[in-house]
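These notes concern the structure reproduced below.
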Amino acid sequence: MEKEYLLYERVRPFFITHGFCLSLLRGVNWFVTLLMPLLYFYVLWAVYLKATKAWIALAYLLVPATGFIVLSVIRKRMDWPRPYELGTFPPLLNREGKGSSMPSRHVFSAAIISTVAWGVHPLLSVLGLSLALLLAGVRVLAGLHFIRDVVVGFLSAILWGFFWFYPLGLF
């Protein structure tokens with residue numbers, strides 16, 4: 001954790017002195033966090049239009065929701081600190097509160113939405129997973145998460161989606 005904090009401590013001055021890069025970092029965070037719910041609504045709409053059974057549409061709704069809830073409970077119990085809490089620097093993205101760093105819910109949400117999108121359109125899923133990885137990088141560079149937080153969030157989403165969707169025959 002200490003080494004990862006040092007990464008944040010080293011990259012932070014770059015963003016502070018290069019306003020365009022800081023704006024880009026914030027813009028990417030805003031764009032991806034806006035785009036993911038839109039992608040999810042598209043996935044739900046597409047499933048609603050083509051699903052032959054109600055349980056299929058319900059699975060597309062419940063699998064991400066239950067994963068999010070389970071992840072939220074786990075991270076609240078763990079209550080690990082965030083990089084900006086270990087030093088004297090504020091994060092590069094607005095964030096109130098402390099703790100609950102591990103795993104990243106933003107990255108989990110983006111990755112689970114992208115994972116279940118595979119059943120609707122694989123190329124859309126790959127694009128979403130790429131954006132989830134981009135979001136993971138932004139959250140680390142901004143000092144909101146350690147690398148392990150975003151890796152666990154990303155992998156948890158893929159495993160959660162695969163664990164539920166593969167046996168149901170939705171992949």
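None of the values given here were measured: they were computed from a predicted structure.
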Crowding at OH, Tyr42 (>12 non-hydrogen neighbours, <6.0 Å): no

Residues forming a side-chain contact (heavy atoms from CB on, under 4.5 Å) with Leu159, sequence neighbours excluded: none

Show me the donor-acceptor pairs within less than 3.5 Å that the side chains of residues 103-112 make with the rest of the protein, sequence neighbours left out.
{"residue": "Ser104", "atom": "OG", "partner": "Val107", "partner atom": "N", "Å": "3.2"}
{"residue": "Ser104", "atom": "OG", "partner": "His145", "partner atom": "NE2", "Å": "3.4"}
{"residue": "Arg105", "atom": "NH1", "partner": "Ser72", "partner atom": "OG", "Å": "3.1"}
{"residue": "His106", "atom": "ND1", "partner": "Arg139", "partner atom": "NH2", "Å": "3.1"}
{"residue": "Ser109", "atom": "OG", "partner": "Arg105", "partner atom": "O", "Å": "2.9"}

Residues that Tyr166 engages under ring-ring contact (aromatic ring centres under 6.0 Å, His included), provided they are two or more places apart: Phe162

Members besides Trp45 in its Ile/Leu/Val/Met/Phe/Trp/Tyr cluster (side-chain heavy atoms under 4.5 Å): Tyr48, Leu49

Pairing residues for Arg75 by the side-chain hydrogen bond (donor to acceptor under 3.5 Å, both in side chains) criterion, not counting sequence neighbours: none

Less than 3.5 Å apart, which donor and acceptor atoms pair up between the side chains of residues 58-66 and the rest of the protein, not counting sequence neighbours?
{"residue": "Thr66", "atom": "OG1", "partner": "Leu62", "partner atom": "O", "Å": "2.8"}
{"residue": "Thr66", "atom": "OG1", "partner": "Val63", "partner atom": "O", "Å": "3.2"}

Contacts of type side-chain contact (heavy atoms from CB on, under 4.5 Å), residue Lys53, not counting sequence neighbours: Trp55, Ile56

Please list every donor-acceptor pair under 3.5 Å in which a side-chain atom of residues 119-133 meets a protein atom from a residue at least two apart or in another chain.
{"residue": "His121", "atom": "ND1", "partner": "Leu123", "partner atom": "N", "Å": "3.3"}
{"residue": "His121", "atom": "ND1", "partner": "Leu124", "partner atom": "N", "Å": "3.4"}
{"residue": "Ser125", "atom": "OG", "partner": "Ser114", "partner atom": "O", "Å": "2.5"}
{"residue": "Ser130", "atom": "OG", "partner": "Val126", "partner atom": "O", "Å": "2.9"}

N/O donor-acceptor pair under 3.5 Å between Asp79 side chain and Lys76 backbone: no

Side-chain donor/acceptor of Arg82 to backbone N/O of Phe146, under 3.5 Å: no

Residue pairs, two or more places apart or on separate chains, that pass ring-ring contact (aromatic ring centres under 6.0 Å, His included) and touch residues 9-28: Phe14-His18

